[in-house]
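Residues take their numbers from the sequence shown, with the count starting at 1.
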Amino acid sequence: MGRALATRFKSSIDKSEPWINFLPASPFPDHHELTVATNLSYDPAALSSAATDFGHMLSSPPAAVLFPSSINDIVCLIKLANSIPVPFNIAAKGCGHSVRGQAMAGNGVVVEMTSMNNNNNNNNNSNNNTRIAISGNPSTGYYADVGGEQLWIDVLNAALEHGLAPVSWTDYLYLTIGGTLSNAGISGQTFRYGPQICNVSELDIITGKGDFVNCSPQKNCELFHSALGGLGQFGIIVRARISLFPARKRVKWVRILYTNFNEFVKDQERLISINGREQEGALDYLEGVLLMHDGPPNSWRSSFFPTSHHSKIVSLINQHSIIYCLEVAKYYDPPSLDTVDKELDDLFDGLNFLPGYKFEKDVSFIDFLNRVRHGELSLRSQGLWDVPHPWLNLFVPKSGIAEFDSGVFKDIILKRKVTTGPILIYPMNRSKWDDKMSAVIPDEDVFYVVSFLYSSGFDDWESMDEQNKETLRFCNSVDMKIKQYLPHYKTQEDWANHYGSKWKRIQEKKNEFDPKMILSPGQNIFNP
């Protein structure tokens with residue numbers, strides 16, 4: 001199949017007319033001379049890279065890889081796929097941070113979106129060799145027009161040059177804009193500012209029919225809402241307009257410890273109830289993490305606890321098996337340090353954390369947002385980054401979180417003892433999400449993110465994955481009504497159950513925007 005497809009591609013290239021001459025006029029006529037043919041690669045190294053991802057648990061080689069030099073190259077590729085009797089599949093790949101092949105296209109074409117960084121054809125920002133442009137004013141607001149291939153860390157750096165920044169983040173910033181917006185984009189800021197998909201006002205999308213479409217909540221809104229959280233099913237995001245706000249200079253970063261799960265979640269829910277964007281005293285960030293039997297209290301994601309307290313914390317973990325760590329942050333500018341300290345004291349007053357187990361740091365704004373990078377570089381230096389990652393990310397309704405603690409954390413996880421990597425748990429407010437978008441969340445006002453961010457050797461990841469499966473079986477057995485984030489299912493029936501009341505609309509919009517089922521086959525929604 002792959003060889004036949006590659007032959008079909010090469011026969012198109014060998015014709016006297018390049019692919020672009022077979023297609024309608026480009027939306028970017030000044031780039032019409034660029035052809036897909038010159039940027040399509042069959043190089044074994046390129047195919048091998050596109051056949052794997054951050055998960056390192058499966059491989060699905062494409063027939064070819066496109067390294068686009070312009071948006072028009074992607075338009076041409078999709079139109080070519082539509083023009084032949086048996087269309088080939090196409091997957092847009094950003095940084096390849098998927099863990100279960102979601103950005104792969106077996107026997108099809110993978111589009112390496114980040115190659116656009118090397119071909120600055122649509123740059124409106126003379127200060128950067130990237131497609132990032134900062135605009136706006138105090139009265140109408142500020143925003144960044146950003147190519148879908150750009151990294152969030154580069155958006156942050158470009159915005160900070162103007163004293164601005166987005167407000168909604170992922171924990172790890174070396175991800176593409178198109179990648180996170182195709183899922184949701186969540187972190188500890190989401191309880192207050194919503195996911196990244198709710199902080200976007202406009203998109204440019206290339207649909208599965210090869211149409212270049214500008215869309216927003218007011219214009220082509222069906223495509224706009226479908227694509228955000230749409231898992232790449234309806235189009236490839238090639239530009240996003242991201243809201244920006246004044247950036248603070250410093251961050252007060254605090255961790256407090258609990259032995260009682262009920263007190264831990266009650267305090268989290270109390271803190272996220274203060275969530276107005278302009279509300280005085282509200283936190284800017286809140287996450288929780290489990291400290292368990294498998295290692296020191298500091299993880300690769302951040303080194304926080306002072307070494308002088310390590311033995312004390314480890315002793316506490318050994319005594320209770322699980323310690324619950326609540327992590328919060330509040331942004332500020334140096335003149336308001338005393339005010340921030342008082343606001344944090346007021347927030348902590350009445351919380352039921354362990355006395356004597358409150359730890360603080362004061363760091364720069366960018367160091368806080370980019371806190372995971374140091375851990376990544378450390379793991380890379382040890383050869384421990386490009387290893388299997390059998391991750392599982394869940395949204396758990398508030399009504400089920402106590403049962404999840406007793407049935408999963410205190411039973412499955414403690415019994416198996418195969419955990420290597422952080423386990424996160426923190427709440428979100430449903431009111432901060434837009435139900436018109438494709439992302440799926442539980443039907444309760446408050447729900448929890450639970451992330452099992454495991455890493456393993458190449459010969460033992462399956463035991464961790466079996467633990468994930470046991471966790472899912474438990475949740476289903478008690479009808480917990482969880483939803484997967486970064487979902488992975490093998491049957492369309494499972495996808496229908498995942499989407500619930502949204503399933504009919506997902507099917508309708510797929511037929512409207514990608515009727516030949518060309519895009520994102522690795523999700524296994526319409527290409528099982």
Side-chain angles (χ1 to χ4, degrees), residues 5 8-9 11-13 15 17-41 62-94 103 105 107-113 115-116 119 121-122 131 147-149 178 181-182 202-216 219-220 222-224 226-228 230-240 438 508-523 525-527:
L5 182 54
R8 251 195 342 262
F9 287 156
S11 67
S12 296
I13 296 170
K15 292 180 180 179
E17 294 181 312
W19 289 354
I20 200 166
N21 293 329
F22 302 150
L23 309 177
S26 164
F28 300 96
D30 53 322
H31 294 165
H32 73 276
E33 74 281 359
L34 297 174
T35 69
V36 176
T38 59
N39 295 318
L40 198 69
S41 174
V65 179
L66 178 69
F67 293 89
S69 59
S70 70
I71 291 173
N72 193 59
D73 283 355
I74 306 172
V75 172
C76 294
L77 181 71
I78 297 176
K79 285 188 176 291
L80 176 69
N82 277 276
S83 72
I84 60 179
V86 181
F88 51 87
N89 289 125
I90 298 170
K93 177 187 173 187
N107 296 322
V109 179
V110 169
V111 180
E112 289 282 0
M113 296 295 292
S115 74
M116 298 272 285
N119 298 281
N121 294 295
N122 297 298
R131 296 200 309 131
E149 76 287 349
L181 295 182
S182 294
E202 188 176 297
L203 297 171
D204 287 341
I205 295 174
I206 305 171
T207 71
K209 296 188 288 188
D211 297 329
F212 178 89
V213 181
N214 173 258
C215 55
S216 71
K219 178 184 178 183
N220 298 311
E222 291 293 324
L223 179 57
F224 178 82
S226 296
L228 290 168
L231 305 179
Q233 293 302 304
F234 312 103
I236 296 175
I237 297 172
V238 294
R239 181 186 65 88
S438 293
E508 290 172 350
K509 297 310 166 186
K510 183 67 170 179
N511 288 327
E512 180 178 353
F513 298 119
D514 184 21
K516 295 190 177 181
M517 313 295 173
I518 288 169
L519 298 179
S520 295
Q523 297 284 359
I525 303 176
F526 298 98
N527 310 80

State the [atom1]-[atom2] distance between [X] and [Y], to the nearest 0.5 angstrom.
{"X": "Met517", "Y": "Lys510", "atom1": "CE", "atom2": "NZ", "value": "6.5 Å"}
{"X": "Glu508", "Y": "Glu222", "atom1": "CD", "atom2": "CD", "value": "9.0 Å"}
{"X": "Asn214", "Y": "Ile205", "atom1": "CG", "atom2": "CD1", "value": "9.0 Å"}
{"X": "Glu149", "Y": "Met113", "atom1": "CD", "atom2": "CE", "value": "6.0 Å"}

Check whether any side-chain N or O of [X] sits under 3.5 Å from a backbone N or O of [Y] as a donor-acceptor pair, and report yes or no.
{"X": "Ser226", "Y": "Lys509", "value": "no"}
{"X": "Asp514", "Y": "Thr207", "value": "no"}
{"X": "Ser520", "Y": "Gly232", "value": "yes"}
{"X": "Ser182", "Y": "Gly230", "value": "no"}
{"X": "Lys209", "Y": "Glu512", "value": "yes"}
{"X": "Asn82", "Y": "Ile78", "value": "yes"}

Mind listing the closest non-hydrogen atom pair of [X] and [Y] along with its distance?
{"X": "Val110", "Y": "Ala103", "value": "CG2-O, 4.1 Å"}
{"X": "Ser69", "Y": "Asn39", "value": "OG-ND2, 3.1 Å"}
{"X": "Phe526", "Y": "Gln233", "value": "CD1-OE1, 3.4 Å"}
{"X": "Ile518", "Y": "Ala81", "value": "CD1-CB, 3.9 Å"}
{"X": "Val238", "Y": "Phe212", "value": "CG2-CE1, 4.1 Å"}
{"X": "Lys516", "Y": "Pro87", "value": "CD-CG, 3.8 Å"}

Would you call [X] and [Y] a side-chain contact if the rule is heavy atoms closer than 4.5 Å?
{"X": "Pro62", "Y": "Val65", "result": "yes"}
{"X": "Ile236", "Y": "Ile74", "result": "yes"}
{"X": "Leu223", "Y": "Leu203", "result": "no"}
{"X": "Ile90", "Y": "Leu77", "result": "yes"}
{"X": "Val109", "Y": "Phe88", "result": "yes"}
{"X": "Arg239", "Y": "Ile71", "result": "no"}

- Task: Would you mind telling me which of Leu181, Ile206, Asp204 makes a side-chain contact (heavy atoms from CB on, under 4.5 Å) with Ile237?
- Result: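 One option only clears the test, and that one is Leu181.
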- N-O pairing of Lys219 and Glu202 below 4.0 Å: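 Salt bridge flag = no for Glu202 with Lys219.
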